[in-house]
Amino acid sequence: MNIFRLTGDLSHLAAIIILLLKIWKTRSCAGISGKSQILFALVFTTRYLDLFSSFISLYNTVMKVIYIMCAYATVYLIYGKFKATYDGNHDTFRVEFLLIPVVLLAVLINHAFAPMEILWTFSIYLESVAILPQLFMISKTGEAETITTHYLFFLGLYRTLYLFNWIWRFYFEGFFDLIAVVAGLVQTILYCDFFYLYITKVLKGKKLSLPA
Amino acid sequence: QGRTKLKDEL
């Protein structure tokens, strides 16, 4: 464990909690892409199947359980409890355009052609593009609630910190995983436009509104 | 072996 991975995980946890609290407190999922949340739930499900088969540490197990529970709770709130506030008209990204290439890539480019390995690879590739429906929805509505931008900021920050974690692990532990690094780079690059808007607008107290 | 080390990440 290193400081980048720890702060990365805490940033990820913060994002997940912020989103859950936003929906719960405001009793509304306006501006939130349910499709992205379903993809994240799928990412955690396919990545944490080893939850019961291999014990790495209490931290690892506890965080995985929290991530999975929060992901499904968020999906339930969006499509169940507060579905009346779900903005389906703007959450129209065709996720099959993500799932099909990700499945093909996971089958073609992986470290081992074994079920657990392919599922892990699928989850890594899927996570790198899972935010696209959310970013697409914001571009369609032309704006985002400030709390939603904080959610996105911490979510984008987490994988950015993981990139530093991988540099650290390569340098100090001689450890390197090209699949995770490339997918992490793609994931972080997708946030660059948002990071720019967040830093130049939201941090200056303005509302995030895209030039329509 | 590098693979299993990654698996300690979330």
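A 6.0 Å sphere centred on CZ of A:F55 holds more than 12 heavy atoms belonging to other residues, nucleotides or ligands. Heavy-atom contacts from other residues, nucleotides or ligands closer than 6.0 Å to OH of A:Y59 number more than 12. No more than 12 heavy-atom neighbours from other residues, nucleotides or ligands sit within 6.0 angstrom of CZ on A:F52.
The two residues A:N60 and B:L10 make their nearest non-hydrogen contact at O-CD2, 3.7 Å.
For residues 154-165 of chain A, heavy-atom neighbours of chain B at less than 4.5 Å comprise A:R159, A:Y162, A:N165, sorted by residue number. Near-neighbour residues of residues 26-46 of chain A relative to chain B, defined by a heavy atom under 4.5 Å from a heavy atom of that chain, are none. Taking 4.5 Å as the heavy-atom cut-off, the residues of residues 63-77 of chain A that approach chain B are A:M63, A:K64, A:Y67, ordered by number.
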Run the numbers on B:E9 and A:R47 for salt bridge (charged side-chain N to carboxylate O under 4.0 Å, His left out), then give the verdict. CA-CA 10 Å; B:E9 292 185 345; A:R47 189 177 305 178; over 6 Å; no

Cut-off 3.5 Å, no hydrogens considered: what does the side-chain donor-acceptor table look like for residues 94-102 of chain A, sequence neighbours left out?
residue: A:R94; atom: NE; partner: A:E96; partner atom: OE2; Å: 2.7
residue: A:R94; atom: NH2; partner: A:E96; partner atom: OE2; Å: 2.9

